[in-house]
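First comes the structure, then the notes that go with it.
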Amino acid sequence: MKIGVIGGGAWGTALAQVAAQGAAPVILWAREPEVVHSINHHHVNELFLSSVPLSPTITATDDLDALRAVDAVLVVAPAQHVRAVLSATDFGSTPLVLCAKGIEAGTRMLVGEVAREAQPNAPIAVLSGPTFAHEVAAGLPTAVTLACEDAALGVALAERLAAPTFRTYASDDVIGAEIGGAVKNVLAIGCGVVEGARLGQNARSALIARGFAEMTRFGLARGARAETMAGLSGLGDLVLTCSSTSSRNFSLGVGLGEGRSARELLSDRRTVAEGAFTAPVLRDAAAEAGIDMPVCEAVCALLDGAPVGDVIGALLSRPLREERG
Ligand SMILES: NC(=O)C1=CN([C@@H]2O[C@H](COP(=O)(O)OP(=O)(O)OC[C@H]3O[C@@H](n4cnc5c(N)ncnc54)[C@H](O)[C@@H]3O)[C@@H](O)[C@H]2O)C=CC1
Ligand SMILES: O=C(CO)COP(=O)(O)O
């Protein structure tokens with residue numbers, strides 16, 4: 001199975017490296033000419049993942065049509081750009097493995113829904129889990145969920161993308177895998193705020209647990225399974241991203257917690273913090289569906305510039321309730 005990758009950011013590059021194990025040829029589309037040049041001439045992605053030498057069997061291109069000849073395409077553009085890249089060419093019935101974590105602004109669609117609209121004939125799978133790109137590219141042990149409604153295709157993709165240090169767990173819960181990845185980015189911003197404002201480890205754990213309850217409520221309302229929310233692509237990724245400044249979302253939250261503005265923190269950055277885009281979309285989708293998501297609402301308020309003390313005070317002064325659900 002020849003693999004193509006859309007997106008030459010850190011995660012697209014790391015996944016290309018995984019797919020190139022055993023000297024398999026991989027073709028990667030990158031938007032930036034300097035990324036294409038750097039991969040083809042120096043076997044490294046200087047701009048987004050300079051820490052790891054890449055397999056010489058990875059070829060970069062600026063021509064999306066070059067990916068029409070592969071057997072499966074990993075879609076690793078940021079969530080807000082997936083529609084544009086998938087609308088630029090016709091992938092026919094080539095399976096698309098969606099690796100971005102977010103919800104599209106405006107439409108409130110998950111990436112899978114966007115992909116089905118842009119490429120109606122392509123079977124869809126989702127790859128998600130606790131996966132810092134630099135660790136995966138360095139060959140450190142990692143496990144992911146590979147969700148696909150077509151069980152046979154899911155197993156084939158899971159086997160093709162598995163590597164000695166990259167374990168893939170097949171699932172048929174596409175929506176659950178997507179929701180975990182999208183929601184955890186928002187919660188990671190909140191945990192970063194706790195860190196930046198020095199609110200302590202107890203507060204961070206409370207936020208992870210209550211945030212997980214929100215993620216699960218939202219997921220179940222959209223048809224996800226509880227076991228998926230508690231698995232690699234849900235709780236697993238939530239714990240990772242809420243614990244480390246290797247996370248761009250957590251780091252954004254640290255800056256907010258230190259009193260800097262989202263505008264300042266997000267200006268001029270080349271790398272993506274998906275949670276900043278997903279947070280208001282998630283808040284609105286939850287409100288429309290009558291799903292209580294106070295932590296996500298708090299993150300939105302912080303991104304909008306509300307003082308940390310006020311937002312935390314409002315969260316803590318909510319009426320006491322049972323923990324259940
Ligand atoms: N970096 C990581 O450790 C992981 C990232 N992801 C997800 O992968 C997705 C991509 O993130 P990264 O590879 O980390 O990106 P990155 O932050 O390393 O690089 C930014 C990416 O955005 C692309 N981009 C910027 N403007 C664009 C536009 N107008 N159209 C198309 N692409 C554009 C750039 O070409 C580049 O590929 C995100 O949804 C992220 O949540 C998932 C798992 C791990
Ligand atoms: O999704 C990720 C790890 O699983 C990467 O998290 P950040 O986008 O916050 O860096």
Side-chain angles (χ1 to χ4, degrees), residues 79-80 101-103 105-106 108 179-219 221 234-235 237-269 271-325:
Q80 305 307 324
K101 298 172 177 172
I103 306 177
R108 294 188 196 152
I179 286 175
V183 176
K184 69 87 191 174
N185 281 334
V186 178
L187 301 171
I189 295 175
C191 284
V193 171
V194 167
E195 173 88 7
R198 301 193 196 294
L199 298 177
Q201 307 284 325
N202 296 347
R204 193 180 60 182
S205 283
L207 197 145
I208 291 175
R210 294 313 303 159
F212 178 62
E214 290 186 21
M215 176 195 281
T216 304
R217 275 201 291 277
F218 188 80
L235 184 59
D237 206 1
L238 178 66
V239 170
L240 176 78
T241 322
C242 287
S243 316
S244 166
T245 49
S246 288
S247 158
R248 288 85 49 96
N249 290 289
F250 184 89
S251 299
L252 170 62
V254 171
L256 292 173
E258 289 168 348
R260 297 166 66 196
S261 75
R263 181 192 296 262
E264 175 200 346
L265 292 162
L266 292 171
S267 67
D268 290 341
R269 62 179 297 155
T271 58
V272 67
E274 291 277 26
F277 303 101
T278 297
V281 191
L282 181 61
R283 174 198 58 200
D284 295 349
E288 192 177 78
I291 303 165
D292 192 27
M293 297 190 76
V295 177
C296 289
E297 281 174 29
V299 170
C300 289
L302 291 159
L303 286 166
D304 288 343
V308 176
D310 292 1
V311 173
I312 299 298
L315 268 182
L316 290 173
S317 60
R318 284 164 50 84
L320 296 175
R321 48 162 288 187
E322 285 184 14
E323 187 178 29
R324 187 161 48 97

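Asn249 approaches Ala276 most closely through the heavy-atom pair OD1-N, 4.3 Å. Minimum interatomic distance between Ala197 and Val308 (heavy atoms only, all atoms of both residues): CB-CG1, 3.9 Å. Residue Leu256 comes nearest to Ser261 through the heavy atom pair CD2-C, 4.1 Å, listed as atom of the first residue, atom of the second, then distance.
The closest donor-acceptor contact from the side chain of Ser267 to the backbone of Glu264 lies under 3.5 Å. In terms of modelled atom types and a separation under 3.5 Å, the side chain of Ser251 and the main chain of Thr245 share a donor-acceptor contact.
In this structure, CG in Leu238 is found 6.0 Å from CD1 in Ile208, a value given to the nearest 0.5 Å. Distance CG/Leu207 to CG/Leu315: 7.5 Å, rounded to 0.5 Å. How far OG1 of Thr241 is from NZ of Lys184: 3.0 Å, rounded to the nearest 0.5 Å. Here the straight-line distance linking atom CD of Glu258 with atom CG of Leu265 works out to 8.5 Å at 0.5 Å rounding. Summarising the geometry, atom CD belonging to Gln80 is positioned 9.5 Å from atom CD1 belonging to Ile103; distances are rounded to the nearest 0.5 Å. Rounded to the nearest 0.5 angstrom, Leu266 CG and Arg248 CZ are separated by 12.0 Å.
None of Val183, Val186, Asn185 except one satisfies the side-chain contact (heavy atoms from CB on, under 4.5 Å) rule with Thr278; the exception is Val186.
Remark: Arg263 CZ is loosely packed, at most 12 non-hydrogen atoms of other residues, nucleotides or ligands lying under 6.0 Å away. With a 6.0 Å radius and a threshold of 12 heavy atoms from other residues, nucleotides or ligands, Glu323 has its CD atom at or below the threshold. By the neighbour-count criterion of 12 heavy atoms within 6.0 Å, atom CZ of Arg269 is densely surrounded, having more than that number from other residues, nucleotides or ligands.
Inter-residue side-chain proximity for Val239 and Ser243 is flagged as met; some heavy-atom pair is nearer than 4.5 Å.
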Output a table of donor-acceptor pairs, distance under 3.5 Å, between side-chain atoms of residues 283-305 and any protein atom two or more places apart or on a different chain; print 'none' if there are none.
unit_1 : atom_1 : unit_2 : atom_2 : d
Glu288 : OE1    : Arg108 : NH1    : 3.4
Glu288 : OE2    : Arg108 : NH1    : 3.1
Asp292 : OD2    : Arg318 : NH2    : 3.1

